[in-house]
Structures are given as structure tokens and as C-alpha cells.
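One structure below.
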Amino acid sequence: MAPTRRRKEDKMRLLPNISIRRFAKADLTQFAEWVRPQLPASALNLAVITDTHDRTAFSRTYYGPNGYWHVQEQHWLAGELPVSWRIHLGDLVDGSEPAFMTMWRLRNIAADFKADDLPFVIAKGNHDDNDKYAEKNRRFAGSFHPWVFNDTVFRPMTQQVGGPAVTRHGLSFFDAGTVRVIVLNTSDVPVRWVGGRRNYDLKKTLAVTAEQLQELSDALAGAGRRDVLIMAHAPAMVRSGKPGLKFNGRPLHELLRAFNAKLTGRVECGTDPDFGGSARFDFSQTSGKIIAYLAGHWHTEEDYRVNGLHYSLLNCSALMGRLHGLTTNYNRKWNRLINTPSEYAGYIVSIDQEARMLREFGYGAASPLRQFRY
């Protein structure tokens, strides 16, 4: 079991010098002072950010290099609170620039997470393979090979002391007290090049394979008496009850339902040559429940239940100015402006294991507090 570690209690922790903007430091200092008294000593506290969409091209209204600044600001905030893990739920980069530029941005963000010994988990997002840039080219050139994200992100995750377990398909998990946190890879897409063109556009193909569902089944069964928080870039289901993934959203959702019901059996994924198959499960020896499924991707905040499972969507860190055509209605209402606290968005997710309460404290363009019993 990976130990729960608190930065203020660890005298030996290596703390790098983090340079953040003056207005951000003032805003996050105020946020930390407000949140700190509300975090029980026994709680598991996670610093969570999602959808930074970092890129070199500067814009005052939509995405840009401030995605990297938001990661650094999350890093600074994690040092001001009793945070045990830093988490990024994907779309680290926008993937809209030539491969060498996007790769540079991706490596910079990964380096920030590796800069001290606070453990971290990063989920893969649908923009992180640079397919947005490849879509502009007739031959779909510029997409990353799988080794880029594997070597830049997944491998350093596995090398951490006290870090998460990481599976072959990019699922990761760790334990803290009576909670197991499982972070899924919703860009689990088999990659092949056919005639110089990749077989799938990963930006448009959210999916989990049957093999990852088997890995999830094993991780859930291994939770024992622990409750389980599920996290991922994209939710398995949307509010209407339809799948949130192109492949295997419904089987993923049903596997989580089976865990809550303590069932034994098999979940079927159809016959697609890349995503078909089945996953066996036996949850008869477990006694925990699914706390919630936290995700980003949709650039909004929302909470809903599907078949009793709580889905909680977190807003994007990336700047979405009110007048930009692709800005979501949620972010348009925030009237997000560069060089103000509304430019960014992030969360301290706190699991109070004694009170069985999930709290999401938001800063920037995020709700100050959402809380739910589980």
C-alpha cells in the first residue's frame, strides 16, 4: 500500500523553487487559507487539475502557454496544503502544433510533476497524441507513436518511490487508508499505421479495451474492504445515460455497478477486433463501494447519477474566453480573462474517510465547494 504523505509533515521532502505569477500566488494563498481548516487530519487530499491544453501559440482568449503555468501553480498550491498526491486528468497539451513543439510542451509538464517527491498520477487525454495537428494534414502526419506518452509520462509514474501501480494499458491505482484510487486510461486505443496513416484518430476515439477492463476488474477485486474513487479523462457515461466513450463505455459502467452489487460474472464487450472480448470479475470478497467517478474532458462542471453511480465532471484548467466560438456555455458564464484568477481552474479533492464525505474545493473558474456523502 502506498503511504499517505503530507508535505508539511515530511521534513526531508525536496521542495523546488517554483516561480508563479504574483496575482496567482495571492489568489491561491487566500484559497489555501480558506481550505486548510476544512481538511480533516484523516482525510486523503488530492490536488487535481485537468485539460490544461498547453501550447506555444499565445492567445488572450483561448488556450496557450498558460497551460504550463497552471501546472506550476497547482504545484505551488500542493506545497501549501496537506496534499498527498498531485493528479492531472489528461489533455496536458492541445496537440495542435508540429510534433516537436507539442513533445517539448508535454515533457515540460511531465518534468514539473517529477520535480519533487510528492507522488503523482497523470491520465492520458484524447489530445495528448497530437492528432489535432495531424487532422490538418491530408496524410494525417504529426501524430505521436505510443512510445512518446509511455516514455514521457507512464514510465516516470512507475519509477516513483511509493508511486502508483501502472498496468500495461495505462490504468494506475494506489491505496491510502480505507480508499483505493483507480485512474483509467480512456484513450486506450490500439495503434497501427496503414499506408502512412494511423488507423484511429485518438482525439475522436475515447475508448477502453476489454484488456483494460480485465485490469480494472483485478484492481477492484484487490481493493478488499476499501472504497474506490474512480478517475479518468472522460466519463464512462453522460447524464442522459448514454456512453461517454466510443468503445466500451457501457461495459465499464456495468463493471462498476457489479462491484457495488458484489457480483461474480463476466462483462461482454462485443466482437470488434480491437475493442471486443470480455472481462471476468469476482467481487464477492469485497465490501467497499464506488465513491464517485471524477472526470474532465467536457470542459464543464456537472454532477449526476446513472444507475446509482455518481459522476462528477471537473472544469478545464485551460483558458476559454467568453467570446471564443468553441467556449462551452459553462465557461462563457465565467467570462474567463487572462491574467486573472478566472484564467485557470483546479481542485483540492478531499475524501473524509471517517465521515464518508467527498469534497471538491475549487479555485479559479470552479465552484468553491461541492460535497457528497458516499
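Start at 1 with the first residue, then count along the sequence.
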CG on Leu252 to OG on Ser217, rounded to 0.5 Å: 11.5 Å
Side-chain donor-acceptor pair present, Asn329, Arg332, cut-off under 3.5 Å: yes
Heavy-atom donor-acceptor pair, Arg168 side chain to Glu211 backbone, under 3.5 Å: no
Trp85/Phe174 aromatic ring centres below 6.0 Å: yes
Side-chain touch Thr264/Phe283, heavy atoms, less than 4.5 angstrom: no
Carboxylate-amine/guanidinium contact Glu254 Arg257, below 4.0 Å: yes
Donor-acceptor pair, side chain of Asn315 and main chain of Ala365, under 3.5 angstrom: yes
Spacing of OG1 belonging to Thr56 relative to CD belonging to Glu97, to within rounding of 0.5 Å: 3.0 Å
Main-chain N/O of Ile290 paired with Asn260 side-chain donor or acceptor, under 3.5 Å: yes
Leu229 and Leu46, any side-chain heavy atoms less than 4.5 Å apart: yes
Atom NZ of Lys242 with >12 non-hydrogen neighbours under 6.0 angstrom: no
Under 3.5 Å: donor-acceptor pair, side chain of Asn45, backbone of Leu39: no
Contact check, side chains of Arg280 and Gln214, non-hydrogen atoms, under 4.5 Å: yes
Exam field: side chain Arg373 to backbone Leu358, donor-acceptor pair closer than 3.5 Å: no
Separation of Asp112 CG from His70 NE2 (nearest 0.5 Å): 13.0 Å
Short side-chain donor-acceptor distance under 3.5 Å, Thr50 and His88: no
Check: Gln30 side chain, Ala26 main-chain N or O, donor-acceptor pair, under 3.5 Å: no
Check: Leu171 and Val166 side chains under 4.5 Å, non-hydrogen atoms: no
Ring-ring centroid check His299 His53, cutoff 6.0 Å: yes
Parallel, tilted or perpendicular: rings of Trp34 and Phe31 (30°, 60°): tilted
Main-chain N/O of Leu92 paired to Asp128 side chain as donor or acceptor, under 3.5 Å: yes
NE2-NZ distance between His310 and Lys289, expressed to the nearest 0.5 angstrom: 11.0 Å
Short side-chain donor-acceptor distance under 3.5 Å, Gln353 and Thr178: yes
Distance-only side-chain donor-acceptor flag, Glu360 / Ser312, under 3.5 Å: yes
Side-chain donor/acceptor of Thr158 to backbone N/O of Arg155, under 3.5 Å: yes
Same apolar cluster (I L V M F W Y, side chains within < 4.5 Å links), Val179/Phe259: no
Salt-bridge present (Asp129, Arg198; N to O < 4.0 Å): yes
Check against side chain to side chain contact (heavy atoms under 4.5 Å, CB included), Trp104 and Val93: CA-CA 10 Å; Trp104 171 50; Val93 291; over 6 Å; no
Separation between CG of Leu206 and NZ of Lys204, rounded to the nearest 0.5 Å: 12.5 Å
pair Leu216-Ile182: side-chain heavy atoms closer than 4.5 Å: yes
Leu245 reachable from Trp298 in the ILVMFWY side-chain graph, under 4.5 Å edges: yes
Verdict with supporting geometry, Ile230 and Leu294, side chain to side chain contact (heavy atoms under 4.5 Å, CB included): CA-CA 6 Å; Ile230 301 292; Leu294 273 60; over 6 Å; no
Arg266 and Ser278 side chains, donor-acceptor separation under 3.5 Å: yes
Pair Arg86, Gln74: side-chain N/O donor-acceptor within cut-off below 3.5 Å: yes
Same apolar cluster (I L V M F W Y, side chains within < 4.5 Å links), Ile49/Leu77: no
No-hydrogen, no-angle side-chain donor-acceptor test under 3.5 Å, Asp51 and His297: no
Heavy-atom check, side chain of Leu256 versus side chain of Leu220, under 4.5 Å: yes
Distance-minimising heavy-atom pair for Ala295 and Ala234: CB-C, 3.7 Å
Ring-face cation of Lys124 near Phe149 (centre distance under 6.0 Å, axis angle within 45°): yes
His253-Tyr311 side chain donor-acceptor pair, cut-off 3.5 Å: yes
Euclidean distance, Asn126 CG relative to Lys203 NZ, rounded to 0.5 Å: 7.0 Å
Residue pair Arg21, Glu343: steps toward the salt bridge (charged side-chain N to carboxylate O under 4.0 Å, His left out) verdict: CA-CA 12 Å; Arg21 294 170 290 178; Glu343 178 196 297; 2.8 Å; yes
Test of ring centre spacing under 6.0 Å for Trp69 and Tyr344: no
Phe23 six-ring centre to Lys25 NZ/CZ under 6.0 Å and within 45° of normal: no
Co-membership, hydrophobic cluster, residues Met231 and Phe173, 4.5 Å side-chain: no
Evaluation steps, salt bridge (charged side-chain N to carboxylate O under 4.0 Å, His left out), between Asp274 and Arg192: CA-CA 11 Å; Asp274 289 322; Arg192 297 184 301 277; 3.0 Å; yes
Donor-acceptor contact present, side-chain Arg180 to main-chain Gly224, <3.5 Å: no
Criterion side chain to side chain contact (heavy atoms under 4.5 Å, CB included) on Asn130 and Leu106, from CA distance to verdict: CA-CA 10 Å; Asn130 213 45; Leu106 183 66; over 6 Å; no
Tyr68 backbone acceptor or donor facing Asp54 side chain under 3.5 Å: yes
Connected-component partners of Val191 among ILVMFWY, side-chain separation under 4.5 Å: Val189, Trp193, Tyr200, Leu202, Phe247, Phe275
Any side-chain heavy-atom pair of Leu314 and Tyr347 under 4.5 Å: yes
